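Remember, it's a predicted structure, so these values are computed and weren't measured experimentally.
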Amino acid sequence: MFRRAFCRPALLCVLALPLSLGLGGCRYNFVPLLPPVVAPNLPVRVTEATLKRDGDTLIVTARVDGRFEPGYLSVNWFDSGRALGSDSVYLDAEQRAATFRLTAPDEGAYRAVLSFGGAVLRQVELYEVQP
């Protein structure tokens, strides 16, 4: 009985020793030590968009960043819920900034919605009165 109780753990140790020595030398050679640099492919976005008043004129300035195909940056003007007009500027890799002007002598709750390629990207607001 003593022999059977001693034999089984000893046999397991004898079998496990070569296996543990063999597996101890394994290394993950397929994983790179330094992963490659990931270049982000960000969609088009509007940055630095502002809406301000200069006398009787409302001015929207916007800059488009990211990768995009050349196209039109459009603005739609609103006073509360009333549409006032729209305009667009053609942008490409060299020209990424646009300035839009709208004559509006009265104070109001103005909004300018900027879109590029049919997708609304940003809305800027200027509240001179309560909407």
Side-chain angles (χ1 to χ4, degrees):
M1 179 152 175
F2 175 71
R3 188 174 172 157
R4 284 186 182 173
F6 176 73
C7 188
R8 184 168 291 185
L11 182 62
L12 288 175
C13 286
V14 168
L15 292 175
L17 182 65
L19 186 63
S20 65
L21 291 176
L23 289 178
C26 290
R27 293 186 182 163
Y28 296 105
N29 292 330
F30 58 88
V31 177
L33 296 177
L34 296 173
V37 176
V38 176
N41 188 6
L42 299 174
V44 63
R45 62 197 182 281
V46 173
T47 59
E48 303 172 18
T50 60
L51 171 59
K52 61 184 178 181
R53 178 179 285 282
D54 184 20
D56 287 347
T57 306
L58 296 175
I59 302 172
V60 170
T61 56
R63 179 168 176 76
V64 175
D65 286 331
R67 266 189 169 174
F68 66 93
E69 294 293 322
Y72 287 94
L73 177 67
S74 301
V75 64
N76 291 318
W77 298 92
F78 297 93
D79 182 10
S80 294
R82 182 173 55 105
L84 297 176
S86 63
D87 195 5
S88 62
V89 171
Y90 186 78
L91 298 181
D92 56 15
E94 283 78 37
Q95 181 181 353
R96 292 180 169 262
T99 301
F100 301 98
R101 298 177 188 281
L102 177 73
T103 303
D106 299 327
E107 290 185 348
Y110 295 105
R111 291 182 297 130
V113 178
L114 297 164
S115 60
F116 188 83
V120 174
L121 300 178
R122 176 76 58 96
Q123 173 177 303
V124 288
E125 301 170 339
L126 176 65
Y127 291 118
E128 300 169 322
V129 297
Q130 291 290 12

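Of the possible donor and acceptor atoms, one in the side chain of Arg96 sits under 3.5 Å from a partner among the backbone N and O of Gly66. Of the possible polar contacts, one joining the Asp79 side chain to the Ala109 backbone as a donor-acceptor pair under 3.5 Å is found. Between the Arg111 side chain and the Ser80 main chain, a donor and an acceptor come within less than 3.5 Å of each other.
Atom-to-atom distance recorded for Leu73:CG and Leu91:CG is 5.0 Å, nearest 0.5 angstrom. Taking NZ of Lys52 as the reference point, atom CG of Leu58 lies at 11.5 Å (rounded to 0.5 Å). Asp87 CG to Ser74 OG: the interatomic distance, rounded to the nearest 0.5 Å, is 8.5 Å. Taken from OH in Tyr110 to CG in Leu51, the straight-line distance is 10.0 Å, to the nearest 0.5 Å. Rounding to the nearest 0.5 angstrom, the gap separating the CZ atom in Arg101 from the CG atom in Asp56 is 13.0 Å. Here the CG atom belonging to Leu114 is positioned 15.0 Å from the CZ atom belonging to Arg45, to the nearest 0.5 angstrom.
Hydrophobic clustering of Ile, Leu, Val, Met, Phe, Trp and Tyr side chains at less than 4.5 Å, counting indirect connections, unites Val60 with Leu126. Transitive grouping of hydrophobic side chains (ILVMFWY, heavy atoms separated by less than 4.5 Å) keeps Val64 and Val113 in distinct clusters. Both Val46 and Val89 sit in one connected hydrophobic cluster of ILVMFWY residues. Membership requires side-chain heavy atoms under 4.5 Å apart, directly or through other members.
Nearest approach of Val44 to Leu121, heavy atoms of both residues: O-CD2, 4.1 Å. Scanning all heavy atoms of the two residues, the minimum distance from Pro70 to Tyr90 falls at CB-OH, 3.1 Å. Heavy atoms only, all atoms of each residue included: Phe78 and Ala83 are closest at CD2-CA, 3.7 Å.
With respect to Arg63 and Asp65, a salt bridge is recorded, a charged nitrogen being found less than 4.0 Å from a carboxylate O.
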